[in-house]
Structures are given as C-alpha cells and as structure tokens.
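Encoded as structure tokens, the structure appears first; notes follow it.
Both ligands and their constituent atoms are indexed starting at 1 by order of listing.
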Amino acid sequence: PRSTLFPYTTLFRSPPVTMGRKPIVGGNWKCNPAETAKLDELVANFAPCAELLDKCDVYVCPSNLHVGMIYQKFAPGIMVAPQNCNFKGCGAYTGEMAVDQMKDMGLKCCLIGHSERRGEFGLPTPKESNELMATKLAYILEKGLMCVFCIGEPLPIREKGIDAVLAECVSQLKDIVPILKALEDKSRVVIAYEPVWAIGTGVTASPEQAQETHKAIRDWIAANVDQKTADEIRIQYGGSANAGNAGALSAMPDIDGFLVGGASLQPEFPEIVKAIVAARSGSAEGVSSGRSEERRVGKECRSRWS
Ligand code: 13P
C-alpha cells in the first residue's frame, strides 16, 4: 500500500507516484471581472499555459455572461468550462445554460457543484442537491463533455476531524457512484476538493492536510466504486491555491492539480501550472531554491540505498 505522505518527494524531487494521471489546473473567475474591458488582460494571463498542455490539462471558467464573448480567444487546448449547467437540455428553462449549447460551441468541459452553488454564499433559495448534481453529471457525460465535480466541507465539519470530513465528502459523492462505475474513461470526471473554509480566505489547507483528505477520498472510491476509478480519477485541490503554495501541494501524490479562484485572475496563474508540471517531472524548477544541492544529496542517498 502507498504511504500517506511520501516525504521523500519534497526532499529528493523525484516525482510522486500518481499512476500516470495527467495533472489538471483550472481557473474559476466566478462572477468576475466587473468590466468587459478587463477580459483581454485576463485571457492574456493564460497564454503561457499553452506550451504546458502536453503535460497538464488547463481549463478556465469565465463568468456565464462572458463565456460567449471570449471562449474563442484562448489558445487551442485551453478548455473553457462554464460554471454550471441545467439538467435537461434546451427549452423553456429561463436563466439556465444547456450542455447541448456548450457542445454546439465546441466546449469540452463543464463545472458543477461548487460550494457557492451548494449554498455557501447564502443563497436564499434551496441549495443544489446531491441528487441534482448526479443528474447534471450524467447529462454532461452523455453529451460527451468532461465534468469538474466540486465537493468540500465547511469549517465546523473540518473542526471535527478527518472522519467527519470524509463523511461529508462521501455524502456529496455517493449519488454518483453508479455513474463513475459505468464510466469508461475515468479522466472525464475530475473531482475538485475545495474545503469551504479555505475558499477566498487566504487560509490554504496544509499539504499534509490536503493529501490526507485526497487520499481518504481516493481510498473511499477504491472501496465503493472500483480500484481502476480510484487510480485514474483526478482529484484537484481548491482553496486559496496560488503560485506560492502550489509547489508544496504538488509534491503530494494524491493532489492532481488545482482549482484556482482569486489567483486565476492574476498573472501568476501559469506559475501554478508550472509548479505541478515541475513536481510531476521530478524537476524542482520553479518549486524551490537550493534544488541542485537537493538533487545531489538525493542522488547520493539513492545510490547508497540501492
Ligand atoms: P480561491 O482560490 O479564491 O480561494 O477560490 C477557490 C475556489 O473556490 C475555486 O473554485
């Protein structure tokens, strides 16, 4: 069995064991920017990601109102993923967005289940339920798109400890078990684990805390879906991720990338992509200083032990 933390990875910069999962980093612009005049600048921030796409999938979630204006402005391969969809298709669904429309536009991905849609910013209307999420996920997959499926626990649950956190995540995942079982290409569903207490707060989960939770989710998937899904499904971390903390988080074997909010509106976004690419290739480039010394020490230790 895999050990939980793989401390060597940070020390020696050898790539963590990730079963060949391709990392994936997304930027969620939420309900930003206020002015359309800012869009070109935000799109330009993503340009350096284009050359990393063979090593890392990249997507962006512009605000719903802006998707149609800019979806063709990103470099080919950078996926534009709307922040929500309806559960049915086109027709008399005022205020909704259908996956059929996304497919027609050539979009490849859709994000659902963000905690802010599950009621965390105080929606005065009923929350989007787990059952609704499962219906939406099935609809997205049936139309041939991939899905970023967000889950995560609020602070009072985190304060109770990892068992309570896992139970909360499981409550958000259990309805999609049959869908995951039936899915052939497991890379088409990406779980974005976003602890609510870390979103927009500047308080990031520590690498160990995030790894422990990602591993618990993956182990639960192994036991309740199947081992293939557990090995192949990608689990992103979201919650105050930025260029400064992405390197340490990327060294964790069960963190397959990031869902970035605030920092995806900044020029630093490509640095986050570079951080996970560097961690997965075993290169410390962009991750920390003193790396040649670490490599030398790592090599010496490895040859001594082998
Ligand atoms: P922040 O990165 O701003 O904390 O937001 C995370 C998030 O909610 C992305 O969906």
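A 6.0 Å sphere centred on NZ of Lys30 holds more than 12 heavy atoms belonging to other residues, nucleotides or ligands. Environment of NZ in Lys22: crowded, with over 12 heavy atoms of neighbouring residues, nucleotides or ligands closer than 6.0 Å. Under a cut-off of 6.0 angstrom, the local environment of NZ in Lys38 is sparse, with at most 12 non-hydrogen atoms contributed by other residues, nucleotides or ligands.
Within ligand 1, counting atoms from 1 as listed, the ones closer than 4.0 Å to a heavy atom of His114 are 7 (C), 8 (O), 9 (C), 10 (O). The atoms of ligand 1 that sit less than 4.0 Å from any heavy atom of Leu259 are 9 (C), 10 (O). Applying the 4.0 Å criterion to heavy atoms of Ser240 picks out, from ligand 1, the atoms 1 (P), 2 (O), 4 (O). With ligand atoms numbered from 1 in the order given, ligand 1 contributes 4 (O), 6 (C) to contacts under 4.0 Å with heavy atoms of Gly239.
For atom 6 (C) of ligand 1, the closest heavy atom belonging to the protein is Glu194 OE2, 3.5 Å. Atom 4 (O) of ligand 1 has Gly200 N, 2.6 Å as its closest protein atom, hydrogens excluded (heavy atom only). Ranking protein heavy atoms by distance to atom 2 (O) of ligand 1, first place goes to Gly261 N, 2.9 Å.
By the criterion of a heavy-atom distance under 4.0 Å, the backbone of Ala198, and not its side chain, is placed next to ligand 1. Of all the heavy atoms of Ile199, the ones lying under 4.0 Å from any atom of ligand 1 are found in both the backbone and the side chain.
Under a 4.0 angstrom heavy-atom cut-off, Ala263 registers as lying outside contact with ligand 1.
Look at Lys88 and Glu96 and you find no salt bridge, because none of the NZ, NE, NH1 or NH2 atoms lies under 4.0 Å from a carboxylate O. In summary, Lys181 and Asp226 do not engage in a salt bridge, as defined by a charged side-chain N under 4.0 Å from a carboxylate O.
Under the 4.5 Å side-chain criterion, counting only non-hydrogen atoms from C-beta, His114 is in contact with Ile199. Using a 4.5 Å heavy-atom cutoff, the side chains of Arg21 and Ile233 are not in contact. Taking 4.5 Å as the limit, some side-chain heavy atom of Leu173 sits within range of a side-chain heavy atom of Ile191.
Polar contact with ligand 1: absent for Thr201 (N/O pair, distance under 3.5 Å). Among the atoms of Gly262, some N or O lies under 3.5 angstrom from an N or O of ligand 1. Considering backbone and side-chain atoms alike, Lys30 places an N or O below 3.5 Å from some N or O of ligand 1.
You'll find the ring centres of Tyr139 and Phe87 outside the 6.0 Å limit.
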